[in-house]
Amino acid sequence: MVSSEWTIALEPALRKMKIYSLLTTHYSRLLPAVLLPLVSGCANVGYYWQSVSGQLEVWRRERPVAEVIADPSAAQALKDKLARVLEIRAYASRELGLPDNQSYRRYADLERPFVVWNVFAAPEFSVEPLRWCLAFAGCINYRGYFEKATAEQFAAELARQGLEVYVGGVPAYSTLGWFDDPVLSTFIHYPDVEIARLVFHELAHQVAYAKDDTAFNESFATAVEQEGVRRWVARTGDARQFEEFERNRRARREFAQLVQKARGRLEALYRTRLAPEAMRERKGALLAALDAEYRALKAGWGGVDRYDRWFAQQPNNAQLASVGLYTQLVPAFEALLSRERGDLGRFYAAVKELAALPADQRTARLAALSSAGDE
């Protein structure tokens, strides 16, 4: 559920290479020469190289969904899921006004649990995530890696610098319409509702994109995902599925609110002039309180335990920041959709206008929307 920063940065080179039958060894020899003019320093060469190599590997594994469904050797369970994805994909464009292109009409079996692993980092006494600026793509609050070991190696380097780090696996990403994003084995086994969430989210990234504003981009996509699934379940689901959707939606919302409150408490603490040792002690107490609050909150979720693994990793500043990027502006987008009386076309147009504004004006508009939504 991320924007693929490397495909934006390398779009001029990659677009010329997107002929699947030609993704062979001679391109491996050509790519370093293509990359060198695009990077700002030698340290970035390795990052861009793994990005391009990973994207090419995804393309190499792609097959048309219709071809997989017609393949006698393919498992029936996979065929059934892919057929369902095509229905979800059609609904996304027909009913939600999301881009009608070739995205999610091909399938790639990656033979691993996630397509990329994102690395987040934050200082010991700050809840603001680090930003990395890349050629063409602008600045983002994470770095994505196609190999878990490489992501963990980069995270370890940041940790040695005294930063707090978090590595999170991601089942899908968006290339923002530069290329056709495929259905992946990393999420095809999900329940239908979760697949719909993911497809709606990633297609939303193709609608609007604000350079250098990860929170805007991810919160917008999350708002579209939530509204899209609500409509999709109401139209196509049964009573049991709708009940499950509402239960999970409540859990997601309350989890995000819980983390946001914890971030606020930590942010207030970090503004004090306490000595480092005292600051660490207070910080530890606040994080312990967060864990206790989660246990109490979870008791009312009717068996939803999807965040247990998240808390098992002993949350730090970087981990809390990763949640905020996806949710902190969702109330503003919900208020905007309400202002447009649920008309998604007008909503998208308004979001595009916001994305085109200078950052300070965009922030002010979103703050006003959030305040209006609270009234």
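Just so it is clear, the values below take in all heavy atoms, side chains as well, and ignore hydrogens, waters and symmetry mates.
- Between the side chains of Gln206 and Ser174, no donor-acceptor pair is found at a separation under 3.5 Å.
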Give the intermediate values and the outcome of side-chain contact (heavy atoms from CB on, under 4.5 Å) for residues Val119 and Tyr142.
CA-CA 5 Å; Val119 179; Tyr142 56 84; over 6 Å; no
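- The minimum heavy-atom distance linking Val229 with Ala196 is given by the pair CG2-C, 4.0 Å.
- No more than 12 heavy atoms of other residues, nucleotides or ligands sit less than 6.0 Å from atom CD of Glu281.
- Hydrophobic clustering (ILVMFWY, side-chain heavy atoms < 4.5 Å, transitive): Tyr166 and Ile140 are in one cluster.
- Looking only at side-chain heavy atoms (C-beta outward), Lys298 and Asp308 come within less than 4.5 Å of each other.
- With contacts defined as side-chain heavy-atom distances shorter than 4.5 Å, the pair Leu98/Val224 qualifies.
- Residues Arg61 and Glu111 are paired through a salt bridge, judged by an N-O separation under 4.0 Å between the basic side chain and the carboxylate.
- In the displayed structure, Arg231 atom CZ is contacted under 6.0 Å by more than 12 heavy atoms of other residues, nucleotides or ligands.
- Electrostatic pairing of Arg230 and Glu225 does not count as a salt bridge here, judged by no charged N lying under 4.0 Å from a carboxylate O.
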Donor-acceptor contacts, no H, no angles, side chain residues 120-133, under 3.5 Å, sequence neighbours left out:
residue, atom, partner, partner atom, Å
Glu124, OE1, Arg280, NH2, 3.4
Glu124, OE2, Arg280, NE, 2.5
Ser126, OG, Glu128, N, 3.1
Arg131, NH1, Asp212, O, 3.2

Any chance you could lay out the salt bridge (charged side-chain N to carboxylate O under 4.0 Å, His left out) test for Glu334 and Arg339, step after step, and finish with the verdict?
CA-CA 9 Å; Glu334 290 176 337; Arg339 190 191 76 182; over 6 Å; no
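- With a 6.0 Å radius and a threshold of 12 heavy atoms from other residues, nucleotides or ligands, Arg309 has its CZ atom at or below the threshold.
- For Arg143 and Phe154, the positive end sits near the middle of the six-membered ring, less than 6.0 Å away and at most 45° from its axis.
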Steps toward side-chain contact (heavy atoms from CB on, under 4.5 Å) verdict (Tyr104, Leu82)
CA-CA 10 Å; Tyr104 305 107; Leu82 289 174; over 6 Å; no
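- For CD of Gln361, the number of neighbouring non-hydrogen atoms (other residues, nucleotides, ligands) closer than 6.0 Å is greater than 12.
- Remark: side-chain polar atoms of Ser185 are paired, donor with acceptor, to backbone N or O of Leu110 under 3.5 angstrom.
- In this structure, Gly169 and Phe114 approach most closely via the heavy-atom pair C-CD2, 3.4 Å.
- Asp360 pairs by the side-chain contact (heavy atoms from CB on, under 4.5 Å) definition with Pro358, not counting sequence neighbours.
- For the pair Leu266 and Leu287, the minimum side-chain heavy-atom distance is below 4.5 Å.
- Between Phe146 and Arg112, the closest side-chain pair of non-hydrogen atoms falls below 4.5 Å.
- In Gln314, the CD atom is not crowded: 12 or fewer heavy atoms of neighbouring residues, nucleotides or ligands sit closer than 6.0 Å.
- Between Ser103 and Arg89, the shortest heavy-atom distance links the atoms O-NE, 2.7 Å.
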Let's go through Arg247 and Glu244 carefully: what are the C-alpha distance in whole Å and the side-chain angles of both, what is the deciding distance for salt bridge (charged side-chain N to carboxylate O under 4.0 Å, His left out) to 0.1 Å, and is it a yes or a no?
CA-CA 5 Å; Arg247 185 166 57 248; Glu244 180 182 0; 5.4 Å; no
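- Using a 4.5 Å heavy-atom threshold, the side chains of Pro99 and Val207 count as touching.
- Taking the six-membered ring where the residue is Trp, Phe255 and Phe311 present perpendicular rings, their angle passing 60° and hence far from 30°.
- Salt bridge status for Arg295 with Asp291: present, with a side-chain N to carboxylate O gap under 4.0 Å.
- Here Glu194 pairs with Arg197 in a salt bridge; the nearest charged N to carboxylate O distance falls below 4.0 Å.
- Both the sub-6.0 Å distance and the 45° axial angle are satisfied by Arg362 relative to the ring of Phe216.
- For the pair Arg306 (side chain) and Ala251 (backbone), a donor-acceptor distance under 3.5 Å is absent.
- Note on ring orientation: taking the six-membered ring where Trp is involved, the planes of Tyr294 and Tyr307 are perpendicular (angle over 60°, cut-offs 30° and 60°).
- Following chains of ILVMFWY side-chain contacts shorter than 4.5 Å, one can reach Val233 starting from Val85, so the two form part of one hydrophobic cluster.
- Of all non-hydrogen atoms in Asp100 and Ser93, the two that sit nearest each other are CA-OG, 3.4 Å.
- Here the side chains of Lys81 and Ile195 are in contact, with some heavy-atom distance below 4.5 Å.
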Phe347 and Lys352: CA distance, side-chain angles, deciding distance, side-chain contact (heavy atoms from CB on, under 4.5 Å) verdict
CA-CA 9 Å; Phe347 172 64; Lys352 289 177 183 177; over 6 Å; no
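- With hydrogens and angles disregarded, a donor-acceptor distance shorter than 3.5 Å links the side chain of Ser219 to the backbone of Leu329.
- Side-chain atoms of Glu227 never come within 3.5 Å of backbone atoms of Leu96 as a donor-acceptor pair (strictly under, hydrogens ignored).
- Salt-bridge formation is detected for the pair Asp71/Arg63: a Lys NZ or Arg NE/NH1/NH2 atom is positioned less than 4.0 Å from an Asp or Glu carboxylate oxygen.
- Legend: side chain to side chain donor-acceptor pair (under 3.5 Å) pairs involving residues 261-276, not counting sequence neighbours, sorted by first then second residue: Arg265-Glu293, Tyr270-Asn317.
- You'll find the ring centres of Phe220 and Tyr209 outside the 6.0 Å limit.
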Before you tell me yes or no, could you show the steps for Arg105 and Asp181 under salt bridge (charged side-chain N to carboxylate O under 4.0 Å, His left out), namely the whole-Å CA-CA distance, both residues' side-chain angles and the distance that decides it to 0.1 Å?
CA-CA 8 Å; Arg105 302 187 193 280; Asp181 300 317; over 6 Å; no
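- Between the CD1 atom of Ile188 and the CG atom of Leu198 there is a distance of 10.0 Å, given to the nearest 0.5 Å.
- Going from atom CG of Leu337 over to atom OH of Tyr348 covers 8.5 Å, rounded to the nearest 0.5 Å.
- Taking CG of Leu78 as the reference point, atom NE2 of His189 lies at 12.0 Å (rounded to 0.5 Å).
- Closest of all the heavy-atom pairs between Glu62 and Pro182 is OE2-CG, 3.4 Å.
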Run the side-chain contact (heavy atoms from CB on, under 4.5 Å) test on His205 and Glu218 for me, step by step, so that the C-alpha distance in whole Å, both residues' side-chain angles and the decisive distance to 0.1 Å come before the verdict.
CA-CA 8 Å; His205 281 309; Glu218 295 299 346; 3.3 Å; yes
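- Trp301 and Glu254 share a side-chain donor-acceptor pair at under 3.5 Å.
- Within a 6.0 Å radius of NZ in Lys148, other residues, nucleotides and ligands contribute 12 heavy atoms or fewer.
- Closest approach of Ala208 and Asn217 over heavy atoms only: O-OD1, 4.4 Å.
- A 4.5 Å side-chain heavy-atom check between Trp117 and Val170 finds every atom pair outside the cut-off.
- Between Trp59 and Phe179, the ring-plane angle classifies as perpendicular under the 30° and 60° cut-offs.
- Using a 4.5 Å cut-off on side-chain heavy atoms (C-beta onward), Arg365 and Glu353 make no contact.
- Checking side-chain atoms of Gln55 against main-chain N and O of Gln50 turns up no donor-acceptor pair under 3.5 Å.
- With a 6.0 Å radius and a threshold of 12 heavy atoms from other residues, nucleotides or ligands, Arg94 has its CZ atom above the threshold.
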